[in-house]
Asks: 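This is the structure, below, for whatever I ask next.
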Amino acid sequence: MAAGIKDLGVPPVDPYVQKELRLEYKNNQVKVKMDNRDIIVAGLKASTVRDARLRADEDSFHLEVDMYTPAVNLSGKYEGGGSYNALNITARGTYHTEMTDLVYTWKLDGKPETINNDVYIRIKSFYMRPDVSNMNVQLTNDAPESKELTALGVRLVNENWKILYRELLPFAMHNWNKIGTKVANKIFLKVPYNQLFPNN
């Protein structure tokens with residue numbers, strides 16, 4: 001799937017390109033709003049499938065796929081601002097994030113749907129929550145008035161990346177659910193169930 005499946009309209013997944021993503025985060029005195037553009041995710045084609053489990057009947061479909069990815073690189077452009085108590089920061093530039101040793105499970109839930117006498121699966125949700133062994137963030141800032149503060153922020157993020165990752169994971173999971181459901185349905189709604197899973 002790295003290069004996509006043109007006949008089914010499945011986009012390339014490595015690199016995967018997302019035009020934009022808006023992030024709003026608030027926790028006590030910390031507030032952040034960031035618009036991300038031209039997001040590129042690379043590294044998924046090196047993934048391996050460790051195990052898979054399927055549970056399906058006439059009314060439901062549940063597929064789990066255990067995955068391992070050595071490294072994922074995320075890059076893009078950003079513009080936004082944040083505040084901590086009375087301190088306000090605005091910034092714009094580019095970012096690059098590298099995550100290594102990702103262990104995760106895809107969980108797809110759906111329902112059978114009959115179309116022209118063939119049974120297909122309509123995926124309703126896609127779940128993924130990776131465990132990551134390490135994460136490193138690099139950030140440029142084209143706003144001169146906040147360069148020193150963002151440099152300090154990047155250093156603190158890299159020293160405490162596990163906390164940041166845990167805090168931002170719900171936002172990422174929401175985004176993955178939308179993307180994963182959309183991509184999965186391009187396959188599951190175009191290829192009949194008995195062709196995808198001939199032994200079930």
Side-chain angles (χ1 to χ4, degrees), residues 1-5 10-25 27 30 32 34 36-55 62-78 80 82 91 93-110 123 125-141 150-184 186-188 196:
M1 292 178 60
I5 307 173
V10 177
V13 297
D14 194 359
Y16 181 81
V17 178
Q18 186 171 352
K19 290 184 178 180
E20 58 184 1
L21 176 66
R22 171 165 289 187
L23 170 66
E24 292 191 22
Y25 173 76
N27 188 351
V30 178
V32 176
M34 183 179 292
N36 301 274
R37 295 178 290 109
D38 303 329
I39 306 159
I40 300 175
V41 182
L44 295 177
K45 63 184 175 185
S47 303
T48 55
V49 176
R50 292 184 164 177
D51 197 9
R53 297 166 297 281
L54 173 65
R55 187 175 68 249
H62 179 80
L63 175 65
E64 295 186 1
V65 183
D66 297 335
M67 304 285 292
Y68 169 76
T69 305
V72 168
N73 292 283
L74 177 72
S75 60
K77 302 173 183 176
Y78 78 95
T94 62
Y95 61 88
H96 179 89
T97 301
E98 182 179 22
M99 295 173 282
T100 55
D101 293 327
L102 291 82
V103 178
Y104 52 100
T105 299
W106 289 346
K107 296 182 181 180
L108 295 88
D109 284 287
I123 300 300
S125 67
F126 176 89
Y127 172 94
M128 178 175 68
R129 189 185 187 280
D131 290 324
V132 179
S133 69
N134 192 35
M135 185 173 80
N136 181 268
V137 178
Q138 300 297 325
L139 197 74
T140 68
N141 183 6
T150 53
L152 174 62
V154 169
R155 181 170 64 82
L156 291 174
V157 163
N158 285 324
E159 290 175 353
N160 303 276
W161 69 266
K162 290 184 179 180
I163 297 173
L164 176 70
Y165 181 76
R166 187 167 57 247
E167 288 290 317
L168 295 181
L169 195 54
F171 299 96
M173 290 171 64
H174 178 71
N175 187 48
W176 295 332
N177 179 39
K178 292 191 296 182
I179 295 171
T181 300
K182 182 179 179 180
V183 171
K186 288 182 179 294
I187 298 173
F188 284 89
L196 284 171

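Numbers here simply count residues along the sequence, with the first being 1.
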Asks: With rounding to the nearest 0.5 angstrom, report the CE to CG distance, Met173 to Leu168.
Replies: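 Atom-to-atom, Met173:CE and Leu168:CG are 13.0 Å apart.
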
Asks: Side-chain polar contacts of residues 125-133 - donor-acceptor pairs under 3.5 angstrom, sequence neighbours left out - could you list them?
Replies:
unit_1: Ser133; atom_1: OG; unit_2: Thr100; atom_2: O; d: 3.0
unit_1: Ser133; atom_1: OG; unit_2: Thr100; atom_2: OG1; d: 3.3
unit_1: Ser133; atom_1: OG; unit_2: Asp101; atom_2: OD2; d: 3.3

Asks: Show me the pairs that pass salt bridge (charged side-chain N to carboxylate O under 4.0 Å, His left out) and involve residues 63-73, at least two apart or across chains.
Replies: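 Residue pairs with at least one partner in residues 63-73: Arg53-Glu64, Arg53-Asp66.
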
Asks: Please step through side chain to side chain contact (heavy atoms under 4.5 Å, CB included) for the pair Arg50 and Val103, ending with a clear verdict.
Replies: CA-CA 10 Å; Arg50 292 184 164 177; Val103 178; 4.3 Å; yes

Asks: Among residues at least two apart in sequence or on other chains, which ones pass side chain to side chain contact (heavy atoms under 4.5 Å, CB included) with Ala91?
Replies: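 Testing Ala91 for side chain to side chain contact (heavy atoms under 4.5 Å, CB included), a comparison that skips the adjacent residues, returns Tyr78, Asn141, Ser146, Thr150.
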
Asks: Minimum heavy-atom separation for Pro12 to Ala3, with atom names?
Replies: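 That would be CG-O, 3.6 Å.
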
Asks: To the nearest 0.5 Å, what is the distance between CG (Leu44) and CG (Leu102)?
Replies: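 Answer for the CG-CG pair, Leu44 versus Leu102, is 8.5 Å.
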
Asks: State the NE2-CG distance between His96 and Leu74, to the nearest 0.5 angstrom.
Replies: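 Going from the NE2 atom of His96 to the CG atom of Leu74 covers 8.5 Å.
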
Asks: State, to 0.1 Å, how close Met135 and Asn158 come at their nearest heavy-atom pair, and which atoms those are.
Replies: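 Minimum heavy-atom contact is O-OD1, 4.1 Å.
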
Asks: Please check if the number of heavy atoms outside Trp106 that lie under 6.0 Å from its CH2 is greater than 12.
Replies: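 Counting neighbours around CH2 of Trp106, 12 or fewer heavy atoms of other residues, nucleotides or ligands fall under 6.0 Å, so no.
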
Asks: Using every non-hydrogen atom in the two residues, find where Ile123 and Thr181 come nearest and quote the distance to one decimal.
Replies: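 Here Ile123 and Thr181 meet closest at O-CG2, 3.4 Å.
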
Asks: Roughly how far, to the nearest 0.5 Å, is NZ of Lys45 from OG1 of Thr69?
Replies: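 Answer rounded to 0.5 Å: 13.0 Å.
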
Asks: Using side chain to side chain contact (heavy atoms under 4.5 Å, CB included) as the criterion, list what pairs up with Leu21, not counting sequence neighbours.
Replies: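 Here the qualifying residues are Gln18, Asn36, Ile39, Asn175.
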
Asks: Salt bridge (charged side-chain N to carboxylate O under 4.0 Å, His left out): which pairs involve residues 15-25, sequence neighbours left out?
Replies: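 Applying salt bridge (charged side-chain N to carboxylate O under 4.0 Å, His left out) to every pair that reaches into residues 15-25, excluding sequence neighbours, yields Arg22-Asp35.
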
Asks: Drop me the distance from Thr97's OG1 to Met99's CE, to the nearest 0.5 angstrom.
Replies: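 Here the rounded value is 6.5 Å.
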
Asks: Which atoms form the tightest heavy-atom contact between Asp109 and His62, and what is the distance?
Replies: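 So the minimum-distance heavy-atom pair works out to OD1-ND1, 2.6 Å.
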
Asks: Please report the interatomic distance OH(Tyr68) to OG(Ser47), rounded to the nearest 0.5 Å.
Replies: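 Nearest 0.5 Å value for the OH-OG distance: 9.5 Å.
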
Asks: Could you tell me which residues satisfy ring-ring contact (aromatic ring centres under 6.0 Å, His included) with Phe188, sequence neighbours excluded, listed by chain and number?
Replies: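 By the ring-ring contact (aromatic ring centres under 6.0 Å, His included) rule, Phe188 matches Phe61.
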
Asks: Please find the pair of heavy atoms, one from Asp14 and one from Val41, that lie closest to each other, and give the distance.
Replies: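 Looking at all heavy atoms of both residues, the closest pair is OD1-O, 4.0 Å.
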
